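This is a predicted model, so every value here is computed, not measured.
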Amino acid sequence: VNNFGDVYLDLLQNGLSTEGITQEYIYALENLQNYFSCCGYNGPEDYSNTQFGAYGRLPKSCCGLSQTSFTQCFQVGPGVIQYGCKGKIEDLFNKRYTDVGSIGLCFGIIEFLAITLSSLIVYLIYR
């Protein structure tokens with residue numbers, strides 16, 4: 001998750017500070033933040049040195065607004081989401097790892113029982 005966080009922060013700091021930012025990038029960022037109901041990686045302060053933060057603005061998703069909304073989102077405005085996406089993304093990855101680990105453990109136990117039972121049957125047949 002740390003590598004993802006580094007990439008996310010790098011995109012926030014470097015990707016949004018350039019003039020050539022694409023609408024696709026903004027759309028993906030807005031969707032991610034809307035999905036997790038979060039703002040930035042650590043919080044809305046992540047946008048302070050970006051194209052958004054230059055005018056005290058935030059992406060619309062930081063206020064829970066859709067991209068098609070005509071309302072602007074400002075750092076000092078009402079309804080600004082104050083927590084970042086880091087915790088939510090880590091929770092998602094941790095839950096997925098736990099799910100995959102549990103499934104793998106179950107398959108391992110089933111395979112062990114199958115091998116043990118088949119060995120017992122072979123032993124009893126050739127005894």
Side-chain angles (χ1 to χ4, degrees):
V1 176
N2 288 339
N3 290 338
F4 180 80
D6 293 341
V7 170
Y8 189 82
L9 282 175
D10 184 57
L11 287 172
L12 280 176
Q13 292 165 353
N14 299 321
L16 290 175
S17 61
T18 62
E19 292 299 320
I21 187 169
T22 64
Q23 275 305 116
E24 291 82 13
Y25 174 77
I26 293 174
Y27 182 76
L29 181 70
E30 294 273 10
N31 282 333
L32 176 85
Q33 292 185 155
N34 271 328
Y35 179 79
F36 287 113
S37 296
C38 56
C39 181
Y41 187 68
N42 294 305
E45 64 277 356
D46 289 340
Y47 288 104
S48 58
N49 293 325
T50 67
Q51 176 180 332
F52 284 103
Y55 303 104
R57 293 183 308 141
L58 292 170
K60 293 179 182 185
S61 56
C62 286
C63 292
L65 303 168
S66 72
Q67 273 193 298
T68 57
S69 171
F70 291 110
T71 307
Q72 292 293 318
C73 180
F74 293 95
Q75 292 177 345
V76 293
V80 174
I81 298 170
Q82 293 298 321
Y83 47 89
C85 298
K86 178 182 178 181
K88 298 215 177 190
I89 292 169
E90 286 175 345
D91 289 346
L92 175 71
F93 280 108
N94 289 337
K95 182 179 181 331
R96 296 295 177 234
Y97 287 140
T98 301
D99 293 348
V100 170
S102 299
I103 292 169
L105 181 62
C106 288
F107 277 120
I109 291 171
I110 290 170
E111 286 181 25
F112 176 76
L113 290 174
I115 291 171
T116 303
L117 289 174
S118 61
S119 297
L120 180 62
I121 291 170
V122 168
Y123 172 76
L124 291 174
I125 291 174
Y126 290 106
R127 189 174 91 156

**Asked** Are any of the side-chain heavy atoms of Tyr47 and Pro59 separated by less than 4.5 Å?
**Response**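 Yes - at least one pair of side-chain heavy atoms lies under 4.5 Å apart.
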**Prompt:** Is Arg57 close to Cys73 at the side-chain level, that is, under 4.5 Å between some pair of heavy atoms?
**Reply:** no
**Item:** Atom of Lys88, atom of Tyr83 and distance for their closest heavy-atom approach
**Value:**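 Taking every non-hydrogen atom into account, CE-CE1, 3.7 Å.
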**Asked** Of all heavy-atom pairs between Ile81 and Ser37, which one has the smallest distance, and what is that distance?
**Response** CG2-O, 3.5 Å
[Y] backbone acceptor or donor facing [X] side chain under 3.5 Å:
{"X": "Glu30", "Y": "Lys60", "answer": "yes"}
{"X": "Asn42", "Y": "Gly84", "answer": "no"}
{"X": "Lys86", "Y": "Tyr41", "answer": "no"}
{"X": "Gln33", "Y": "Cys85", "answer": "no"}

**Prompt:** Do Val122 and Ile125 share a hydrophobic cluster, counting only Ile, Leu, Val, Met, Phe, Trp and Tyr and linking them when any side-chain heavy atoms are less than 4.5 Å apart?
**Reply:**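 In one cluster: yes.
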**hydrophobic_cluster_shared for Leu29 and Val80, side chain cutoff 4.5 Å** =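 Same cluster: Val80 reaches Leu29 through Ile, Leu, Val, Met, Phe, Trp or Tyr contacts under 4.5 Å.
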**Asked** Atom CG of Leu32 and atom SG of Cys38: how far apart are they, to the nearest 0.5 Å?
**Response**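 Those atoms lie 5.5 Å apart.
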Just distance, no hydrogens or angles: give the donor-acceptor pairs under 3.5 Å from side chains in residues 107-120, sequence neighbours left out.
from	atom 1	to	atom 2	distance (Å)
Thr116	OG1	Phe112	O	2.8
Ser118	OG	Ala114	O	3.0
Ser118	OG	Ile115	O	3.0
Ser119	OG	Ile115	O	2.9

